[in-house]
Amino acid sequence: MIPGSLARRYARALLGLASSAPQRDKLAKDLDAFADLCRSQDSYGVVVLTVLASDRFPVAERKKLVDSFMRRLGADPLLGNFLHYVVDRGRMEGVPDIARAYRRMADEAAGRVNAEITSAAPLTPDAVSKITAALEHATGKKVIAT
């Protein structure tokens, strides 16, 4: 884990590298997928992020592992280069924080906002769409409701 301000700084740098809105959204999707992969465990029960963040393994080997994950995910090559930089700086433990910060920044840049709807009883799809429409009207942004 890295401080929130540092995660935002890395996320802002990655956002600045995106050349278009579709690439920005692809990077967000790929970074989220990579962060999920980092939280998973290998066949020995070791969390993948532990290996990627460990100084016990040479930087070159950790970069090769990142590259293999990038190929497996079909990720944008720009993200691979960015993650190499993160490995070089010894900040791999912060990838989940960077991914969250990047997702927020990418959504903000695209005019989207996330909303969590909590209800005492299950809502019908019609009720959810009405709530979403009301929130979109109130905020003037595209609402992603969960």
> Yes or no on side chain to side chain contact (heavy atoms under 4.5 Å, CB included) for Lys141 and Glu136, after CA distance, side-chain angles and deciding distance?
Replying inline: CA-CA 5 Å; Lys141 296 182 177 186; Glu136 286 177 350; over 6 Å; no

Quick one: [atom1] on [X] to [atom2] on [Y], what's the gap to the nearest 0.5 Å?
X: Leu15; Y: Arg103; atom1: CG; atom2: CZ; result: 11.5 Å
X: Lys63; Y: Met70; atom1: NZ; atom2: CE; result: 14.0 Å
X: Asp88; Y: Leu83; atom1: CG; atom2: CG; result: 11.0 Å
X: Asn81; Y: Leu17; atom1: CG; atom2: CG; result: 9.0 Å

>> Between Lys130 and Asp126, is the salt bridge (Lys or Arg N to Asp or Glu O under 4.0 Å) condition met? List the steps.
In response: CA-CA 6 Å; Lys130 286 181 182 178; Asp126 185 49; 3.5 Å; yes

> Any chance CZ of Arg39 has more than 12 other-residue heavy atoms, nucleotides or ligands included, within less than 6.0 Å?
Replying inline: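 Check passes, neighbour count above 12.
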
> Is the number of heavy atoms from other residues, nucleotides or ligands within 6.0 Å of CD (Gln41) greater than 12?
Replying inline: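 Counting neighbours around CD of Gln41, more than 12 heavy atoms of other residues, nucleotides or ligands fall under 6.0 Å, so yes.
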
In the structure I gave you, are the side-chain heavy atoms of [X] and [Y] within less than 4.5 Å of one another anywhere?
X: Arg8; Y: Ile98; answer: no
X: Asp107; Y: Asn114; answer: yes
X: Tyr102; Y: Arg12; answer: no
X: Asp32; Y: Arg100; answer: no

Result block: side-chain N/O donor-acceptor pairs under 3.5 angstrom for residues 45-61, not counting sequence neighbours:
{"unit_1": "Thr50", "atom_1": "OG1", "unit_2": "Val47", "atom_2": "O", "d": "3.4"}
{"unit_1": "Ser54", "atom_1": "OG", "unit_2": "Arg56", "atom_2": "N", "d": "3.0"}

> Does the side chain to side chain contact (heavy atoms under 4.5 Å, CB included) test come out yes or no for Leu79 and Leu14, once each step is laid out?
Replying inline: CA-CA 8 Å; Leu79 181 61; Leu14 182 59; 4.1 Å; yes

Cut-off 3.5 Å, no hydrogens considered: what does the side-chain donor-acceptor table look like for residues 24-31, sequence neighbours left out?
{"unit_1": "Asp25", "atom_1": "OD1", "unit_2": "Arg112", "atom_2": "NH2", "d": "3.0"}
{"unit_1": "Lys26", "atom_1": "NZ", "unit_2": "Asp30", "atom_2": "OD1", "d": "3.1"}
{"unit_1": "Lys26", "atom_1": "NZ", "unit_2": "Asp30", "atom_2": "OD2", "d": "2.9"}
{"unit_1": "Lys26", "atom_1": "NZ", "unit_2": "Gly74", "atom_2": "O", "d": "3.1"}
{"unit_1": "Asp30", "atom_1": "OD2", "unit_2": "Asp76", "atom_2": "N", "d": "2.9"}

>> To check you understand the geometry: which heavy-atom pair defines the closest contact between Ala35 and Pro96, and what is its length?
In response: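 The answer is CB-CA, 4.2 Å.
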
> Donor-acceptor pair, Gln23 side chain versus Ser19 backbone, under 3.5 Å?
Replying inline: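 Side chain of Gln23 to backbone of Ser19: a pair is present.
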
> So, does Thr124 use its side chain to make a donor-acceptor pair with the main chain of Ala127 at under 3.5 Å?
Replying inline: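 Yes: the side chain of Thr124 pairs with the backbone of Ala127.
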
>> Using side chain to side chain contact (heavy atoms under 4.5 Å, CB included), reason through Arg62 and Val66 one step at a time and then give a plain yes or no.
In response: CA-CA 6 Å; Arg62 290 184 279 155; Val66 166; 5.7 Å; no

>> With clusters defined by side-chain heavy atoms of hydrophobic residues (ILVMFWY) lying less than 4.5 Å apart, directly or transitively, does Met92 cluster with Leu78?
In response: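 Yes.
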
> Val113 and Ile144: same hydrophobic cluster, using ILVMFWY side-chain contacts below 4.5 Å?
Replying inline: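 No, Val113 does not connect to Ile144 through the hydrophobic network.
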
> Parallel under 30°, tilted from 30 to 60°, perpendicular over 60°: which one fits the rings of Tyr85 and Tyr10?
Replying inline: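 Geometry flag for Tyr10 against Tyr85: tilted rings.
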
